[in-house]
Amino acid sequence: MKLVSVVGARPQFIKASPLSRELRLRHQEILVHTGQHYDHGMSDVFFEELGIPAPEYHLGIGSATHGAQTGAMLAAVEAVLQKESPEAVIVYGDTNSTLAGALAAAKLHLPVAHVEAGLRSFNRRMPEEINRVLTDHLSTWLFAPSEVARRQLAQEGISRGVHVVGDLMVDALRLHGARAAARPEALTRHGLGAGAYYLATVHRAENTDDADTLRRILGALGALDKPVALPLHPRTQKRVAELGIKIDGNVRVLAPQGYLDMLALQRGAACILTDSGGIQKEAYHLRVPCVTLRDETEWVETVAAGWNTMAGAEPERILAAVARRAGPDAPHPDLYGDGMTARRIVEILA
Ligand code: UD1
């Protein structure tokens, strides 16, 4: 088969790594990078570390308002699809690159395979929720990570083409986790000792756009009882500078990290505080308790298992959740598959 895969943002590079590898064993894959993430630390480092093949097309779209960014991607992906005439198009997750890829394909009557289908926050104010709902309704194959995701699709009337296959991030952890474990310098270069710090990330528009929300979250990090390593997404860096927020001394601001250093930092943390989707799952797989800086999550299984607590942006809730975090001996059921998701997806597509 000949397939086009569309990626553009950091978490999509991580998910594409195991699937590209499996696909290219027997099939032809054309990789399209929209350019949504373009800095070396947000993009190139993932291709280098994860051995992802260089994209056949780099669309160089970059940042803009949602409509302008998604529209520019739609036009540019359409041109690639017309030129390449693939049998199907693969899109990942919930970014503007996902929606643009799916819409361009569907309008050309090309079947769409959506990896990470069926996730819902039920919050339509998040751009990601709009992207995932629309992409699911445009897709021919819906690769769901869990039974919960399958049920959510059924509630929207989608049952055809739905396959529960697990999560490609587990495959990525299996493939690359050992290399990350052998990187003590990921901690020591920032003066961090294993188990003696917290790791935090903040990048969601819902947390960065409102000045008070961002101030409350960063204030809570500053009030924690251990040093906090905070690899800062460019969106958040810009907001902190614009708003002139002073980040407290026990918070160490780091540049965005590569995949291997980020895994090493997660593994060594006493607790992770994040608004990222992927990090909630990685924390779970690495058996590190997680406090989610949002009021809802798509990864509800990690909350039900007791390893993830929703704390929103309220400092008292955040501090209390960190204090009451799961201990190392808490029950830890298997979630999101066995690391063979890429193989399953390729078999189904073939
Ligand atoms: C996007 C996704 C989100 C995902 C996240 C992972 C959408 C709507 N959101 O949000 O689902 O969790 O990626 O990181 O698609 N920027 C840079 N350099 C870069 C990339 C971005 O400076 O390499 C800046 C941009 O100029 C922009 C801001 O960061 O001002 C946000 O970029 P955007 O493309 O909106 O996506 P994310 O916030 O990263």
Side-chain angles (χ1 to χ4, degrees), residues 6-16 32-48 55 58-74 76-77 91-104 114-117 119-121 123-136 167-169 172 200-210 213-214 217 230-243 253-259 262 274-283 292-294 296-299:
V6 180
V7 295
R10 194 163 57 171
Q12 294 166 332
F13 310 142
I14 299 167
K15 289 164 206 155
V32 178
H33 186 328
T34 62
Q36 178 166 355
H37 287 172
Y38 44 88
D39 290 341
H40 179 271
M42 295 290 288
S43 174
D44 301 355
V45 66
F46 294 89
F47 284 78
E48 291 158 17
H58 198 298
L59 307 179
I61 306 285
S63 317
T65 59
H66 283 280
Q69 186 182 55
T70 313
M73 289 173 183
L74 177 63
V77 173
V91 297
Y92 298 86
D94 57 18
T95 71
N96 290 340
S97 301
T98 314
L99 176 61
L103 191 51
H114 185 203
V115 176
E116 229 174 65
L119 297 184
R120 296 292 180 266
S121 65
N123 175 1
R124 291 272 173 118
R125 293 187 57 82
M126 291 176 67
E128 292 85 355
E129 183 76 352
I130 315 250
N131 292 341
R132 40 174 108 91
V133 169
L134 293 176
T135 301
D136 281 339
D167 178 12
L168 284 174
M169 287 186 81
T201 77
V202 185
H203 80 278
R204 294 270 174 194
E206 68 210 77
N207 281 336
T208 58
D209 286 0
D210 179 66
T213 306
L214 185 57
I217 290 176
L230 178 67
L232 215 49
H233 187 291
R235 167 199 286 283
T236 321
Q237 269 168 28
K238 274 187 216 158
R239 286 297 284 162
V240 166
E242 271 166 28
L243 298 167
V253 174
L254 318 183
Q257 301 289 297
Y259 179 69
M262 191 63 188
T274 190
D275 59 6
S276 152
I279 292 176
Q280 293 172 55
K281 289 179 290 172
E282 283 171 345
T292 294
L293 305 169
R294 294 175 51 195
E296 67 275 317
T297 180
E298 301 76 28
W299 304 102

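Counting starts at 1 for both ligands and their atoms, in listed order.
- The salt bridge (charged side-chain N to carboxylate O under 4.0 Å, His left out) test with Asp94 singles out one residue from Arg120, Arg132, Lys15, and that residue is Arg132.
- Remark: aromatic rings of Phe47 and His33 are close, center separation under 6.0 Å.
- Residues Leu103 and Leu134 form no side-chain contact, since every pair of their non-hydrogen atoms from C-beta on lies 4.5 Å or further apart.
- Distances below 4.0 Å separate heavy atoms of Pro11 from the following atoms of ligand 1: 6 (C).
- Using modelled atom types, one finds a donor on one side chain and an acceptor on the other under 3.5 Å when comparing Gln280 with Thr297.
- Inclusion of Gln36 in the set of residues having an N or O under 3.5 Å from an N or O of ligand 1 is warranted.
- Where the criterion is an N or O separation shorter than 3.5 Å, residue side chain and backbone included, Asn96 meets it with respect to ligand 1.
- Applying the ring-ring contact (aromatic ring centres under 6.0 Å, His included) test between His37 and each of His58, His203, His233 identifies His233 as the sole match.
- Every atom of ligand 1 with a heavy atom of Asp94 under 4.0 Å away is listed here by number and element: 11 (O).
- A heavy-atom distance below 4.5 Å is found between the side chains of Glu116 and Asp167.
- The distance criterion of under 3.5 Å between nitrogen or oxygen atoms is not met by Ser97 with respect to ligand 1.
- No hydrogens or angles considered: nothing links the side chains of Tyr92 and Ser97 as a donor-acceptor pair under 3.5 Å.
- Of all the atoms in ligand 1, the ones that sit under 4.0 Å from a non-hydrogen atom of His66 are 8 (C).
- Contacts with ligand 1 closer than 4.0 Å are made by heavy atoms of both the backbone and the side chain of His37.
- Looking from atom 9 (N) of ligand 1 to the surrounding protein, the closest heavy atom is Glu128 OE2, 3.5 Å.
- Of the N and O atoms on the side chains of Gln12 and Thr95, at least one donor lies less than 3.5 Å from an acceptor on the other residue.
- Paired with Asn96 under the rule side-chain hydrogen bond (donor to acceptor under 3.5 Å, both in side chains), one option of His66, Glu128, Gln36 passes, and it is His66.
- Near Met42, the atoms of ligand 1 lying under 4.0 angstrom from a non-hydrogen atom of the residue are 19 (C), 23 (O).
- Partners of Asp210 by side chain to side chain donor-acceptor pair (under 3.5 Å), not counting sequence neighbours, listed by chain and number: Thr213.
- The protein atom (non-hydrogen) at minimum distance from atom 2 (C) of ligand 1 is Thr95 CG2, 3.7 Å.
- At the shortest separation from atom 16 (N) of ligand 1 among protein heavy atoms lies Tyr38 OH, 3.6 Å.
- Here the protein heavy atom with the shortest distance to atom 5 (C) of ligand 1 is His203 NE2, 3.6 Å.
- Protein heavy atom in closest approach to atom 18 (N) of ligand 1: Asp39 OD2, 2.8 Å.
- Nearest to atom 25 (C) of ligand 1 among the protein's heavy atoms is Ser63 OG, 2.9 Å.
- Note on ligand 1: Ser43 sits outside its first shell, no heavy atom being nearer than 4.0 Å.
- Nearest-heavy-atom check against atom 30 (O) of ligand 1 across Lys238, Arg132, Gln12, Arg235 picks out Lys238.
- Not counting sequence neighbours, the partners of His40 by the side chain to side chain donor-acceptor pair (under 3.5 Å) test are Glu48.
- Short contacts between ligand 1 and His233, defined as distances under 4.0 Å to a heavy atom of the residue, involve ligand atoms 14 (O), 29 (O), 37 (P), 38 (O), 39 (O).
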